[in-house]
Amino acid sequence: MALRLFCQSLFAIGALGSVIPRADQCAALPANHSPKANSKLPDPFLQLDGTRITKKDEWTCQRNYLSQLIQKYELGEYPAPPESVTASLSGSTLSITVRDKGKSISFSVSIRAPSGAGPFPAIIAYGGASIPIPSNVATIIFNNDDIGQQMNTGSRGKGKFYDLYGSGATASAMLAWAWGVDRIVDALEKTPAAKIDTKRLGVTGCSRNGKGALVAGAFVERIALTLPQESGSGGSACWRLSDEMKRRGTNVQTASQIITENVWLSKSFEQFANRVPNLPIDHHELAGLVAPRALLVIENTSQVWLGNMATYGCMKTAHKIWEALGVPGNMGFTQTGDHSHCQWSSSQSAELTAFIDKFLIGTGTANTNFVKTDNSNLGFSDNDWVDWTVPTLA
Ligand code: MCU
């Protein structure tokens, strides 16, 4: 499996002045890796050798290890950076051409930027934003379906990503879209006339596109703020918790159902659909790939299918990763039921504004450390699902 180049420089200096390895210097997952069954939410700090990380500097390779597990068993392989990306701006349209291994594809995004010289922070919105984006932040509309189709299970291997890498590429649609976001950032970096500050980029999407936004934040390290909205199962829900809700009689989307609906997950995930405890990771760890960068997860208790307990419990557990890294204020979870699916509710505006102000605009001081739900009867208990402690990483 190709390792991703996560960092630009060869080495970075860590918290205590130690040298942090670049992610492509982390160990590759052994080809004969075989997952062990675990009915609880797996320990995100547990390394392949059975010991736990003890230092913040070790997160780079632990994150890389979790990313490799997620690629192998759930999302497919994330390609190494392509040979070339070129971009041209015409009005508000940024056209992007990607070349790799003798092939090329082109796609475009539309940019709505504030007036003035910039550069401005921006939010990349899958399909269009269903959160309110303030007028001093640009919006970049990404037609993710153009990169990886998501009509139904017949969409596997269709879209521009697969035109470039082949219809047999293992990457699922969600990973193909994340790759598209990576290329948008490449293009923005090369196009100062677009007036976008690539150090202040967010990504959002709702529902199926919310699942995708979370995956983009997990895989694209140049995204500063990840804002998945009502992503539910396949996004902010943990598979183990969705299965538990189903056992309790709630009509939620589970792994066994989702693989019959669409191509958001890889073919290799299908072997786990009816034996979720064998999956060596769960979505608290997918979310954890965003850490220590900023993540605000927005959910909706009025939508049973999303798995209200599954998203709350999963993200409450994910928050422990930011706690261990000493940046609990870089991750928030908000869940209210006073609105229909993907319709914005002002009850979540203060939380969204706190994150955008702090992590994109750079002026915010409001609290961003919260895990909140308006339903106190969800029935999630740490004791039932988390058999590990939160380490204090040195
Ligand atoms: C919440 O996201 C999905 C859900 O996973 C699907 O089962 C359902 O068909 O569609 C939702 C969605 O994307 O709604 C727009």
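In listed order, ligands and their atoms are each counted from 1. Only a predicted model underlies this, so the values are computations on that prediction, with no experimental measurement involved.
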S268 backbone acceptor or donor facing Q271 side chain under 3.5 Å: yes
Aromatic ring pairing Y73/F272, orientation class (parallel under 30°, perpendicular over 60°, tilted between): perpendicular
Among W177, W179, Y78, ring-ring contact (aromatic ring centres under 6.0 Å, His included) partner for F161: W179
Residue and atom name of the nearest protein heavy atom (relative to atom 2 (O) of ligand 1), distance in Å to one decimal: S207 OG, 2.8 Å
Identity and separation of the nearest protein heavy atom to atom 10 (O) of ligand 1: R208 NH2, 2.9 Å
Test item: H341 side-chain N/O and Q303 main-chain N/O as donor-acceptor pair under 3.5 Å: no
Polar contact flag for E261 and ligand 1 (N/O pairs, less than 3.5 Å): yes
Heavy atom of H341, distance to ligand 1 below 4.0 Å: yes
Location of contacts on N262 toward ligand 1, heavy atoms closer than 4.0 Å: neither
Same cluster (ILVMFWY, side-chain, under 4.5 Å), I131 and I140: no
Sub-3.5 Å N/O-N/O distance, S233 and ligand 1: no
Under 4.0 Å to a heavy atom of L306 - the qualifying atoms of ligand 1, by number: 1 (C)
Test item: E74 and W239 side chains (from C-beta on) under 4.5 Å apart, heavy atoms: yes
K211-ligand 1 polar pair, N/O distance under 3.5 Å: yes
Close-contact set for ligand 1 against W305 heavy atoms, below 4.0 Å: 4 (C), 6 (C), 7 (O)
Minimum-distance protein heavy atom relative to atom 4 (C) of ligand 1: Q253 OE1, 3.4 Å
Backbone of A27 reached by a side-chain donor or acceptor of Q68 within 3.5 Å: yes
